[in-house]
2 protein chains.
Amino acid sequence: MKVNTKTRYGIRTLMELARNDSGAGMHQKDIAVNQDISYKYLDHIIAQLKSSGLIVPVSGRKSGYRLTRKPEEIAVYDVFTAFNSTLALLDCLFDGELCEKHERCAAREFWDGLNSVIENYLKDRTIGDLIDRQSALESQQGGLAYQI
Amino acid sequence: MKVNTKTRYGIRTLMELARNDSGAGMHQKDIAVNQDISYKYLDHIIAQLKSSGLIVPVSGRKSGYRLTRKPEEIAVYDVFTAFNSTLALLDCLFDGELCEKHERCAAREFWDGLNSVIENYLKDRTIGDLIDRQSALESQQGGLAYQI
DNA sequence: TTTTATCCTACAAAACAGATAGGAAAAGTA
DNA sequence: TACTTTTCCTATCTGTTTTGTAGGATAAAA
Ligand code: FES
Ligand code: FES
């Protein structure tokens, strides 16, 4: 049970765009360098974020990629679904055909519950929250680890 | 982000043993049939459950596998850890060496939070809860789906 | 003694993750 | 205009993990 790197990099890409809200867009190259993601791999991440409507490339002066919404309006859940067709811990969760006794399966209900818990967590937090927290972390003085 | 079948089958195996608490143990063959798990695949599941100390084979009359603890005392989390070395959505979650700025990474904190939420869910529910719920589901009369 | 069940190790197909590679097309720049 | 850079698109590659199967040795039961 791991989160794939595309989802993780996708989030960090959006955080990068959100932080660099200096009027100008941001180029793939800079995102790659700042977030330490392979430039070529980032191709795929960006393509996915674009086709999900989370970012858009703008041209002209100040060209580069931009967020289509304000950071506070982008739930992490939105990023997650951009990289994972559905949030389903099991295939039979939403496809009743897969298991008989589907309607009377305590195990399925159990996983369904966990699924909801995860979904709520992802829906309750936005890219805005993440960059706020990141700023707070970075403004802390002194090399004090574990002081969270 | 999927739960692997071993974990799922492991839970169902324990549920099967928990329900069949008629004094006698239960044989691999019967578990496989009742839970519709490949007999040979179940070999691995059982081996893992044994080495994790969750079940034990008993011999003599009434031979078969038995739970080592009462169903209410087996958290689903225990089964999960039997089949997954650690519950870690990301490798860098517990291994600070993997990322620099590890101590000041809002993304890591975010995943850490989700990790805890999942962990708590798994720790709060037992095999006992699952079989109780299963019994309730099965005693419901009439083919009324979606009446949960 | 015969059958059945457990236990142990090796193997394999398939799916998936995590990239890399090459180049066309579009856009920016001098 | 020429050229350089950036975006965009598709294919390929490599290793790992998942989900099993197979075979047989060993132990137990009938
Ligand atoms: S409904 Fe799929 S495991 Fe029960
Ligand atoms: S600490 Fe690993 S992603 Fe930030």
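Per chain, numbering begins at 1; letters A, B, ... match sequence-line order. Hydrogens, waters and symmetry mates play no part in the numbers below; they use all other heavy atoms, side chains included.
- Each of D:dG20, C:dA5, D:dC9 was ranked by its minimum atom distance to the side chain of A:Asp43; first place goes to D:dC9.
- In the set C:dT20, D:dT19, D:dT7, the nucleotide with an atom closest to the side chain of B:Asn4 is D:dT19.
- Residues A:Lys2 and B:Leu89 have side chains not in contact (no heavy-atom distance under 4.5 Å, counting atoms from C-beta outward).
- In this structure, A:Lys40 atom NZ and D:dC13 atom C1' are separated by 15 Å, rounded to whole Å.
- Side chain of A:Asp78 to backbone of A:Ile74: no donor-acceptor contact under 3.5 angstrom is found.
- Side-chain atoms of B:Ser38 lie closest to D:dT21 of the nucleotides D:dT21, D:dC8, C:dA19.
- Regarding contacts with the backbone of D:dC8, a side-chain N or O of A:Lys50 is found under 4.0 angstrom from either OP1 or OP2.
- Residue A:Tyr9 places at least one side-chain N or O closer than 4.0 Å to OP1 or OP2 of C:dA19.
- When distances are taken from the side chain of A:His44 to each of C:dG18, D:dT10, C:dG28, the shortest belongs to D:dT10.
- For A:Ser59, the listed nucleotide lying nearest its side chain is C:dA27; candidates were C:dA19, C:dA27, D:dT7.
- Under the 3.5 Å distance criterion, the side-chain polar atoms of A:Asn84 are left unmatched by any main-chain donor or acceptor of A:Thr81.
- You'll find that the side chain of A:Thr5 is closest to C:dA19, out of C:dA19, D:dC8, D:dT19.
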